[in-house]
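Labels below follow one simple rule: chain letters A, B, ... track the order of the sequence lines, proteins then strands, and each chain is numbered from 1.
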There are 2 protein chains.
Amino acid sequence: MKILSADDDKDSLALIAFTLSQAGYLVVKASDGVQALRAFESEGPDLVILDINMPGATGFQVCEQIRTKSRVPVMMLTVRGEEEDLVRALELGADDYLSKPFSPRTLLARVKALLRRAGMENTAPLAAGRIRLDVDEHTVQVGSNPPLRLTKLELRLLQMLIANSGHTVSSDRLLMQVWGHKGSGDRQLLKQLVHRLRQKIEVDPAAPQMLQTAPGAGYKLVVD
Amino acid sequence: MKILSADDDKDSLALIAFTLSQAGYLVVKASDGVQALRAFESEGPDLVILDINMPGATGFQVCEQIRTKSRVPVMMLTVRGEEEDLVRALELGADDYLSKPFSPRTLLARVKALLRRAGMENTAPLAAGRIRLDVDEHTVQVGSNPPLRLTKLELRLLQMLIANSGHTVSSDRLLMQVWGHKGSGDRQLLKQLVHRLRQKIEVDPAAPQMLQTAPGAGYKLVVD
DNA sequence: TCGACGGGTTACAAAACGGTTATAACGTCA
DNA sequence: TGACGTTATAACCGTTTTGTAACCCGTCGA
């Protein structure tokens, strides 16, 4: 498990790196925003920890950049009392925050919780019932039918539904997970994507068996 | 979702209650530590917000008491610059803190984050007597009957009634909780919604057993 | 006895929702 | 560049949900 930590305060960075290393994580360090972005590109970490106040590019900018291309969990470090910063961070798509100063124990607990929530810890068995998903190939296989190619968005949607198979996932959450933060509120996008996905995976797209609608709530994947 | 807020500063308490109510939470108020503990016992809130400086019993004491019997998320309110307080609060088992003064937006963001972290956001198995509510699916199950689909408003109403099951909830309170500020004063909306909900969940909608009227006051959910 | 009031019921209109289709914008790759 | 697959935006339709108004019918006090 690889974690990218960016902070311009050497001591703080060292403490974070030490704590996480002790816990068995591989830590990549960056001491400013530009470095952080470069490291993000080259290392492809599973989680990112960003200090808000950094030279080069602020944590906000880095977070925003990362969110344009990835949904990797992001934790922001704020200084105590700067609530405005915090709100902005969450709005930019950060998944959690931690106020300095914090204890190593707290940091570790939060990191673990984030990884668990993102479903990173257990290599997500991307299958449910008769549906098997191949993320690398961008394909699904339903039953013993030949595999179908999926687009990026279709794949992500199906991924979310499979991860919660049997339970309804709210439209808002799907919007958030599939499109990132910007998509929130846009019903049409989801409507369309669901429609296209149904055309591909349902036997009779007009009477969906697997990708069912939960009126007023969202959608759910029904497996036998 | 029920939140207990304790603060001896009337203005502060009112602001918190208003903000959270607007966001759809059910708020229980307390203006000192003793009240807070009593309310905690009787209401069983899903989250507790405690001001540190309170007469009766300080936020510390209340937090400590709560922690002896519950793992409910606790947020502490501190005044800026009192670092020792903060550390002590976290040591006593508080999950988060907020420095006064704070913006409503900030409060809401933190509360949501806390509930999310506690896994309360949608998995709350809301139930009272023979009634079980599935917020994700937008369904109720009465006894062993097949689950019924509820609309958004019906769900919210039932949620409020279940959260206070056995006690009468005033019409004004329901109006506020279900529709937000705009609905205040409009009895007809509530009348209608109650009627529709009764049609769905009551065996004989003309003689309601569960969703009873408290004449001149409001409605209450009666469970065996 | 009357009439105002609160609550229940009925009926209908307005708005929101979900599915569908069409079309435009965008990105990629030959 | 142009063709293609993908994604975004808009319009339309039928259905469900919600809002609004009217009426009914008890109770209660003048």
Side-chain angles (χ1 to χ4, degrees), chain A residues 68-69 71 137-140 148-158 161 168-172 174-175 177-220, chain B residues 24 137-140 148-159 161 168-172 174-220:
Chain A
T68 62
K69 59 192 96 169
R71 252 145 310 285
E137 300 287 326
H138 277 216
T139 58
V140 246
L148 294 164
R149 253 179 56 68
L150 292 182
T151 70
K152 209 164 32 170
L153 293 182
E154 287 162 357
L155 182 84
R156 235 181 269 153
L157 175 63
L158 198 47
L161 290 172
T168 301
V169 187
S170 77
S171 299
D172 280 347
L174 289 173
L175 248 351
Q177 299 286 346
V178 175
W179 280 269
H181 220 260
K182 64 181 183 128
S184 58
D186 197 335
R187 300 181 308 119
Q188 184 61 18
L189 290 172
L190 185 57
K191 231 193 328 187
Q192 272 285 6
L193 189 60
V194 166
H195 183 243
R196 289 203 303 264
L197 188 51
R198 276 176 177 159
Q199 296 293 324
K200 288 195 178 178
I201 67 171
E202 291 284 355
V203 184
D204 177 8
Q209 299 298 302
M210 295 180 288
L211 209 176
Q212 294 189 359
T213 303
Y219 295 91
K220 73 169 163 181
Chain B
E137 308 274 345
H138 278 212
T139 58
V140 245
L148 293 166
R149 246 170 37 65
L150 293 182
T151 70
K152 247 193 312 250
L153 294 182
E154 288 162 356
L155 184 84
R156 285 243 277 284
L157 175 62
L158 198 48
Q159 223 175 327
L161 290 172
T168 300
V169 187
S170 77
S171 297
D172 282 345
L174 289 173
L175 248 350
M176 206 66 119
Q177 298 287 347
V178 176
W179 280 271
H181 60 291
K182 70 174 183 131
S184 58
D186 196 337
R187 299 179 305 111
Q188 182 61 18
L189 288 173
L190 185 57
K191 234 197 318 190
Q192 270 288 359
L193 189 60
V194 166
H195 182 242
R196 282 166 181 154
L197 188 51
R198 277 175 176 159
Q199 296 293 325
K200 288 196 179 178
I201 67 170
E202 292 285 356
V203 184
D204 177 8
Q209 299 298 303
M210 295 179 287
L211 209 175
Q212 294 189 0
T213 303
Y219 296 90
K220 72 170 164 179

- Is any side-chain nitrogen or oxygen of B:Lys152 closer than 4.0 Å to OP1 or OP2 of C:dA16? no
- Message: Does D:dT16 have OP1 or OP2 under 4.0 Å away from a side-chain N or O of B:Arg149?
- Response: no
- Note on the structure: With sequence neighbours left out, the residues meeting side-chain hydrogen bond (donor to acceptor under 3.5 Å, both in side chains) with A:Thr151 are A:Glu154
- Task: Under the side chain to side chain contact (heavy atoms under 4.5 Å, CB included) rule, collect the residues that match up with A:Arg198, sequence neighbours excluded.
- Result: A:Val194, A:Glu202, A:Pro208, A:Leu211, A:Thr213, A:Tyr219
- Please name all residues satisfying side chain to side chain contact (heavy atoms under 4.5 Å, CB included) with B:Lys152, sequence neighbours left out, ordered by chain then number. B:His138
- So which heavy atom on B:Leu157 is nearest to which on B:Leu190, and how close? CD1-CD1, 4.2 Å
- Item | Presence of B:Thr151 side-chain N/O under 4.0 Å of D:dT16 phosphate oxygens OP1/OP2 | no
- Message: Roughly what angle, to 10°, lies between the helix axis at the start of the helix from C:dT1-D:dA30 to C:dA30-D:dT1 and the one at its end, five pairs per end?
- Response: 30°
- Please identify each residue that fulfils side chain to side chain contact (heavy atoms under 4.5 Å, CB included) with A:Thr139, with sequence neighbours left out. A:Asp134, A:Glu137, A:Pro147, A:Arg149
- Message: OP1 or OP2 of D:dA8 versus the side-chain N and O atoms of A:Trp179: is any pair under 4.0 Å?
- Response: yes
- Query: Taking atom P of D:dT6 as reference, at what distance in whole Å does atom CG of A:Leu157 sit?
  - Reply: 15 Å
- Message: Is it the case that atom NZ in B:Lys220 sees more than 12 heavy atoms from other parts of the structure closer than 6.0 Å?
- Response: no
- Item | Under 4.0 Å protein heavy-atom contact, by nucleotide of nucleotides 3-12 of chain C - B base, S sugar-phosphate only | ----BBBBB-
